[in-house]
*Asks:* 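Pasting in a structure now, in structure tokens, and then I'll have a few things to ask.
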Protein chains: 2
Amino acid sequence: MADPTEGSFSEPETEIMRATYRALREHGYADLTIKRIAAEYGKSTAAVHYHYDTKDELLVAFLDYLLERFVDTIRDVETTDPHQRLDLLLDELIFAPEEHRDLAVAMLEMRAQAPYKGDFRERFRGNDEYVRYMIKAVINHGIDEGEFDDVDADHVTRGLMMIVDGARTRAVVLDEPGALETARQTAAEYVDAVLT
Amino acid sequence: MADPTEGSFSEPETEIMRATYRALREHGYADLTIKRIAAEYGKSTAAVHYHYDTKDELLVAFLDYLLERFVDTIRDVETTDPHQRLDLLLDELIFAPEEHRDLAVAMLEMRAQAPYKGDFRERFRGNDEYVRYMIKAVINHGIDEGEFDDVDADHVTRGLMMIVDGARTRAVVLDEPGALETARQTAAEYVDAVLT
DNA sequence: CCTACCGATCGGTAGG
DNA sequence: CCTACCGATCGGTAGG
């Protein structure tokens, strides 16, 4: 809250989140231990437990941290023209895994835990609702301005989310060059087909 | 190989794969231990290690087992009409997570390990190629018969895979009713838009 | 395949 | 926050 947005040091909690991120990237979720997080943090495991009583509590906080970072990558779309705005939004949603592969990998690992952790699922649902709201708003705006056909904005939004999530999953799992370009093109074809 | 396809007992390896499946379903990948697998198997951990030297070796065999089961769910499309055949294929690919949620959950967990396990990634790539080949063959058949437009079959196939994988991921993570119906409809819209 | 066990590591805590 | 430690559990093995 003190706003060291650019400062190289900040609150211990933020440092621990960063350390968790590095540990997850290096070892994967299944081998993510308090000891490794503490090692990345540069302090003892007791220091970690001083800030987060249990591992579960730390992981939920970490998911919030991850989702914040994710939302940050798609927040600054500034154009007002609906079609262009939708294009830019889709660019960010689909090409994010390319620029932030570590983030995409970590997100998929956390996502795969959702069936076992209700806390995780709730947060992913909230995040998904937020992203869908952004897309839906642009589509509705385009419909109002007569730039898009009068479609079911909610349905089209969900269709685009399928493509976005498919792209993300495939980018992480298969790691094939060109997969994101294909996804972007598919999204464009879908937009052209149903909105115009 | 002795073919007890319906027998309630079979080779120890198959029993262990089944036990691993149950243990994974119950505890998740991060808490999947040899001890729990052995408990499901009904024998000692040494019995498990007798068949699989290391946990890694067991997991790779288990992924093969999972992918076989997955392929089995999409093998028996019998129609010859291209459009109908593509529809049935997409039905199976998209609605599979509904009928086999455990399988879909397990698959996503294994998928999330791909960045850390080259063995896993290779197998997912092989499986993906197989599924894509099936779809592409149907599309090319439709093009040859003049039922579909003369499109880039490979590109359309990849577009459909995005939707399929998006649907699977979202079904597991968000667990929202209706998500698969939406995905199926999106796939139909995409097919209509680019193939006809 | 089993019993019995190995060293290593786990999440978490007591006491300062 | 640290040192030092807890009981529990991990993957894996020896010997039969």
Side-chain angles (χ1 to χ4, degrees), chain A residues 2 4 7-63 65 109-110 112-113 116-120, chain B residues 2 4 7-65 106 109-110 112-113 116-120:
Chain A
S8 36
F9 293 94
S10 51
E11 313 87 62
E13 282 82 1
T14 309
E15 292 291 326
I16 293 174
M17 292 297 99
R18 282 204 259 259
T20 304
Y21 192 19
R22 292 193 296 272
L24 180 60
R25 178 175 54 201
E26 201 127 348
H27 307 284
Y29 185 90
D31 294 318
L32 182 63
T33 67
I34 300 283
K35 193 167 203 167
R36 286 199 237 259
I37 293 168
E40 291 288 345
Y41 182 34
K43 304 198 172 167
S44 70
T45 62
V48 174
H49 275 110
Y50 176 78
H51 294 282
Y52 299 98
D53 282 350
T54 66
K55 192 185 178 184
D56 264 19
E57 191 183 310
L58 186 152
L59 289 175
V60 170
F62 178 65
L63 179 53
Y65 171 80
E109 291 208 88
M110 300 297 277
Q113 306 305 317
Y116 307 94
K117 307 224 175 209
D119 288 344
F120 282 24
Chain B
S8 36
F9 294 94
S10 51
E11 313 88 60
E13 282 82 1
T14 308
E15 292 290 326
I16 293 173
M17 293 296 100
R18 281 203 258 258
T20 304
Y21 192 19
R22 292 193 296 272
L24 179 61
R25 177 174 55 199
E26 202 128 347
H27 307 284
Y29 185 90
D31 294 318
L32 182 65
T33 67
I34 300 283
K35 194 167 204 169
R36 287 199 237 258
I37 293 169
E40 291 288 345
Y41 182 34
K43 304 198 172 166
S44 70
T45 62
V48 174
H49 274 111
Y50 176 79
H51 294 282
Y52 301 96
D53 282 350
T54 65
K55 191 185 177 186
D56 264 20
E57 192 183 310
L58 186 152
L59 289 175
V60 169
F62 178 66
L63 179 53
D64 286 334
Y65 170 80
E109 292 209 87
M110 301 296 278
Q113 307 305 316
Y116 307 95
K117 307 222 176 211
D119 288 344
F120 282 24

*Asks:* Are A:Y41 and D:dC1 close enough that a side-chain N or O sits under 4.0 Å from OP1 or OP2?
*Replies:*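 Yes.
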
*Asks:* Could you tell me how far apart B:K43 (NZ) and C:dT3 (P) are, to the nearest whole angstrom?
*Replies:*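 It works out to 12 Å between those atoms.
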
*Asks:* Counting primed atoms plus P, OP1 and OP2 as sugar-phosphate and everything else as base, spell out the protein contacts along nucleotides 6-13 of chain D at 4.0 Å heavy-atom distance: B, S or - for each nucleotide, 5' to 3'.
*Replies:* ----SSBB

*Asks:* Which pairs with one or both residues in residues 47-65 of chain B pass salt bridge (Lys or Arg N to Asp or Glu O under 4.0 Å), sequence neighbours excluded?
*Replies:* B:D56-B:K117, B:D64-B:R123

*Asks:* Output all residues satisfying side chain to side chain donor-acceptor pair (under 3.5 Å) with A:D119, sequence neighbours left out; order by chain, then residue number.
*Replies:* none

*Asks:* I'd like to check the side chain to side chain donor-acceptor pair (under 3.5 Å) partners of B:Y29; sequence neighbours left out, ordered by chain and number.
*Replies:* none

*Asks:* Quick one: CE on B:M17 to CG on B:L24, what's the gap to the nearest 0.5 Å?
*Replies:* 11.5 Å

*Asks:* Sort and list the pairs that fulfil salt bridge (Lys or Arg N to Asp or Glu O under 4.0 Å) and have at least one residue in residues 26-46 of chain B, not counting sequence neighbours.
*Replies:*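 Passing the test, one end in residues 26-46 of chain B: B:R22-B:E40.
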
*Asks:* Checking B:E13 now: which residues fulfil side-chain contact (heavy atoms from CB on, under 4.5 Å) with it, not counting sequence neighbours?
*Replies:* B:E11, B:H51, B:Y52

*Asks:* Could you work out, with side chain to side chain donor-acceptor pair (under 3.5 Å) as the rule, every residue matching B:Y21, not counting sequence neighbours?
*Replies:* none

*Asks:* Sort by first number and list every stem of DNA chain C: at least 3 consecutive Watson-Crick or G-U wobble pairs, both distances under 3.5 Å.
*Replies:*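 Listed by first number, the stems are C:1-16 with D:1-16.
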
*Asks:* Taking all non-hydrogen atoms of both residues, which atom of B:A23 and which atom of B:L32 are closest, and how far apart?
*Replies:*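 Where B:A23 meets B:L32 most closely, the heavy atoms are CB-CD1, 3.6 Å.
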
